[in-house]
Structure formats: C-alpha cells, structure tokens
**Student:** 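First the structure, then my questions, so here it is.
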Amino acid sequence: MDLTSLSISALREKLVAREVSPLDALDALDARISAVDDKVHGFLSRDLALAKAHAAKADLSLPLGGVPIAIKDVINVTGEPCTCGSRMLLPYRAPYDATVIAKLRAAGAIPFGRANMDEFAMGSSTENSAFGPTHNPWDLTRTPGGSSGGSAAVVAADEAFAALGSDTGGSIRQPAALCGIVGVKPTYGRVSRYGLTAFASSLDQIGPFTKTVRDAALILDVISGKDPMDSTSLDQPVPAHTALLGRDIRGMKLGMPREYFIDGIDPQVDAAVRAAIRHYESLGAEIVEVSLPNTEHAVGVYYIIATAECSANLARFDGVRYGHRAESSGLLDHYGRTREEGFGPEVKRRIILGTYVLSSGYYDAYYLRAQKVRTLIRDDFTRAFAQCDAIVCPTSPEPAFKLGDRADDPLKMYLADIFTIATNLAGIPGLSLPCGFAEVDGKKLPIGLQLLGQPLDEPRLLQIAHAYEQSTDWHKARPGL
Ligand code: GLN
C-alpha cells in the first residue's frame, strides 16, 4: 500500500513499529505532491528542508510523533509564509508559531505545506485565492469548496495525512463534504485562535481535516484547551476525544431539522442524507423532527456580523508594519494605494459592507439587529437540543459546483453555506463526514453528512460519526487522480 493513502492512525502504527521513518513519510508526500499538485493546486508553498529538520528530531513516543500535517495558509508557522491567499501578505514570513502549531509540535507532529484558500478565508470555492483556485480531486473542473479548499483537497488527494483549516461560516465542513473527507469545526473557544489571522473573531475556529473520524479525534485531543494568549478560549477540561469511539449509539436521539430539508436542495444530496438517517435508525438511534425556525435569517445575519468584524480586523493591513507596501505620496495616499493593490474584489466588498453596517445611523438597523437575531438562532439550537442528542442534516445543499460557475455571483456563492453558517453564529460544534456520492456528468462527487452538537459535546459527535463511518464504506473511496 502506498504510504500517502494511510490515515494518521495507520501511519502511526508503522512509525512506532519502525517500519517507516518520519523522513520516509515526508519524502512520500513530497513525491505525491510533485506528481499531482500541478492538477490540484492545493498547496501554495512547502518547505521540505525545514520540515525534515523538525522530522529528524520527532519523538515517536508522542501521540502524533512523526506525523506531517498540512496547514491552511492563514495560520502562522515560524519561518514560513502566511499569505492568507492574498497579495497583501506576500512578502511576510511568520515570526512565531500559532498556539495550535506549538501544540502540534509538542505532540510530535510536523507542520508541512501551506494549503491554498480563499483570500482571508472569504469564500466557498477557493476561487478568491489571489494565487488561482484549487481543483477538486474528484473532478478537476469543479471546486473543492472553500474557504479551506486547499486543506480539504490535499487530504482527499493523499498529498497530506491530515490538515488544519479554519471555519467561520462553514469553511471546514463544506470543503470536507465536497472532497469526501472528515472535517470538524469545534465549539467556539475550544481551540485557541492565537496565531490564526482573524477574519470574524466571534465566529472563527480552527479544526482538523482527516481521512477518518478517529484521526479527527486524535488532532482535537492535541489542539484543544485554554490558552492564556486567547482570552476567548474556554477554561474547561479537555476530554479524551477518542473515549466514546466504538460505543454503540442505541437509544440516542438524533434530530432532523425541518428547515434543512427544503426545496432547492440537490435531490441526490437529499436522498443520500435521508438514507444516512435511515442507517442511523438501523443502528438503533431514534430520529425526531426538530425545528430551527430562524434558519432563514442565518445567512443575512452572518453577512452583517462577519463583514462588520472583518472590516475592523483587516484595518491592520495598511502597509506600514508588514505586508504589501505601495509606492505613494503621503500617508492617506499610502493607505489607499496599498489596500487597493493588496486586496482582491471579494475582500474589498466585505470591508465596504462591514464598514457600512457599522456606520452611525445604520448601526442600529443592521449590526445591533443582527446581534439580536443571532441570539434567537442560538436559542433555536438550545430548544432543539432539549429534544435530541445531536442534529443530523446535509452539510452542503449540493455537491461540488463547476469552477467559474458562481465566481461572478456573490449572492449565489453566499448560499453555499446555508446549512453551516448558523452553527458558527450559535458557537456549537459541527462535523461533516462522507455519506455517499452524486453522479454528475459521469463523475462521482462526494456528499457530506453534517452532525451538530451541544457546546463541548465533541466526543459524542465523534462517537455518532464513528458509528456511521465504521458501518459504511464511503470513507474508503479515493479519487482516481
Ligand atoms: N463561505 C463563508 C464566507 O465566505 C464562510 C467562510 C469561512 O468559514 N471562513 O464567509
């Protein structure tokens, strides 16, 4: 078997048995990347020499000892570029490790490769990257999803054993679904955001992309926990995320939200998700209908809150201390030109929108109102979880769409996140795992099943996901690149 197709767990067995070394793993990945990444374009850069220097010192007795992990190009890793998919940060190299990177290193893992993304994580297709889109390994003419499209595609294409991404409105779960792998957005505050370039600070969370549910649990064990460098990180004990894997789910109540099974959802996606729900029934779960009545407001509320926060967060990119610096005459001219040249069109659109909704006279009508509706959305979930242990629904309303199809229609693009956005507004954990394939134009395109849980209930979400994964074969299929 080719080394690169292994899960983390399987690779670890070989590493611990000294059948392969961390350097072998890195070389195998590098060869695979050289062979396929011209087509996929999942990576923006990689530094094999730097990764090898770390691998030579890897302690195999640690939980992720010797395991290379790809990193979305929005998370700082010492000495590496961190472009955020933008021209704005092109010359920048990170002078420090994000907390998640420090934690991965402390667990023996080796960050390797910078994964492509929509500029500053704004988008659902990776087409907003300033460096060209990533292609879906299942059909190279289609999007891998976004904004963490690079992270998802490299794991699906066996160019990485796992990857880290960030999820503000679906950017881990949607690309995981479209690429046929597992992706987890943890509870807000579960994972430190220190060293993650901020998009919308009240929504952003870092999480894993993996080939199996168990691998996601292994990474969550390592990256979760309170961090003095992030005041929004939660001071709560971190449970063993693998603890419940393998326990049966008999008697568990799974909620089907009425508002997530609607007209307009792709019929093949609808059928696959309904079949998955019947499968859960056959595993002994009880299915209950629940209602999330404020779902229809989620996309609107998100595009007020996320843009407001991004307009403030992105104010720091002014060409004074780091990043792109335009030729200019005078200070105001300097700011204007630097930002005009450095940011792409979607980022500018969001900054303008965000500045508008925060401006005096409009603040009450938009921003304040959106915050109130956000509370109603959170209350919907609290009420739903009084009736069920977890929610099951589609991750994305459709399988991967064609590159270029939506690029000029921001509103249509925004609707790609219709089932993932409310999760971030409510701060609850969400997970996507493979649950089937759609046949489109003679190609197989992965479909994702989404599981949503109560705050800090990640171990149970993983248990429910694992029960499905271990009794189905979807996760074993690989794209024929
Ligand atoms: N697609 C959504 C957006 O464009 C979500 C992005 C994300 O989760 N980072 O904002």
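Quantities reported herein were computed from a predicted structural model and do not represent experimental measurements. Read the numbers this way: they start at 1 and go in the same order the structure lists the ligands and their atoms. Reckoned from all heavy atoms, side chains included, excluding hydrogens, waters and symmetry mates.
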**Student:** Angle class for the Phe199/Tyr302 ring planes (parallel below 30°, perpendicular above 60°, tilted otherwise)?
**Tutor:**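 Rings of Phe199 and Tyr302: perpendicular, over 60°.
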**Student:** Checking Ser233 side chain against Val191 main chain: does a donor-acceptor pair fall under 3.5 Å?
**Tutor:** no
**Student:** May I ask you to identify the nearest protein heavy atom to atom 2 (C) of ligand 1, giving residue, atom name and distance to one decimal place in Å?
**Tutor:** Asp417 OD2, 3.1 Å
**Student:** Answer with yes or no whether Gly170 contacts ligand 1, where contact means a heavy atom under 4.0 Å from a ligand atom.
**Tutor:**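 In this structure, Gly170 qualifies as a contact of ligand 1 - some heavy atom is under 4.0 Å.
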**Student:** Given Arg350, Glu346, Lys185, which one has a non-hydrogen atom that is nearest to atom 4 (O) of ligand 1?
**Tutor:** Arg350
**Student:** For Ala326, is there any backbone N or O sitting under 3.5 Å from a side-chain donor or acceptor partner on Thr338?
**Tutor:** yes
**Student:** Out of all atoms in ligand 1, which are within 4.0 Å of some heavy atom of Phe199? Include the element for each.
**Tutor:** 9 (N), 10 (O)
**Student:** Applying a strict 4.0 Å limit to heavy atoms, is Tyr303 in contact with ligand 1?
**Tutor:** yes
**Student:** Does ligand 1 come near enough to Met122 that some N or O of the ligand is less than 3.5 Å from an N or O of the residue?
**Tutor:**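 It does not: no N or O of Met122 is found under 3.5 Å from an N or O of ligand 1.
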**Student:** Would you indicate which of Ala416, Gly169, Cys310 comes nearest to atom 8 (O) of ligand 1 when only heavy atoms are counted?
**Tutor:** Gly169
**Student:** Charged N to carboxylate O under 4.0 angstrom, Arg46 versus Glu80?
**Tutor:**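 Here Arg46 does not pair with Glu80 in a salt bridge, since their nearest N and O are not under 4.0 Å apart.
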**Student:** Taking 4.0 angstrom as the limit and counting only heavy atoms of Ala121, give me the atoms of ligand 1 inside it, by number and element.
**Tutor:**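 In order of numbering, the contacting atoms are 6 (C), 7 (C), 9 (N).
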**Student:** Search all heavy atoms of Val77 against all heavy atoms of Arg114 and return the closest pair with its distance.
**Tutor:** CG2-NH1, 3.2 Å
**Student:** Which ligand 1 atoms are under 4.0 Å away from a heavy-atom of Gly123?
**Tutor:** 1 (N), 2 (C), 3 (C), 4 (O), 6 (C)
**Student:** So for atom CZ, which belongs to Arg378, do other residues, nucleotides or ligands contribute more than 12 heavy atoms lying within a distance under 6.0 Å?
**Tutor:**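 Yes, because the 6.0 Å sphere around CZ of Arg378 holds more than 12 heavy atoms from other groups.
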**Student:** With a sphere of 6.0 Å drawn around NZ of Lys226, does it hold more than 12 non-hydrogen atoms of other residues, nucleotides or ligands?
**Tutor:**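 Yes.
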**Student:** If you have a sec, work out which protein heavy atom is nearest atom 6 (C) of ligand 1 and how many Å separate them, to one decimal?
**Tutor:**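 So the nearest neighbour among protein heavy atoms is Ser171 OG, 2.9 Å.
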**Student:** Please report which non-hydrogen protein atom sits nearest to atom 5 (C) of ligand 1, along with the residue it belongs to and the distance in Å to one decimal place.
**Tutor:** Tyr302 OH, 3.2 Å
**Student:** For Phe317 and Tyr322, take the angle between the two ring planes, folded into 0 to 90°, and tell me which bin it lands in: parallel under 30, tilted 30 to 60, perpendicular over 60.
**Tutor:**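 Geometry flag for Tyr322 against Phe317: perpendicular rings.
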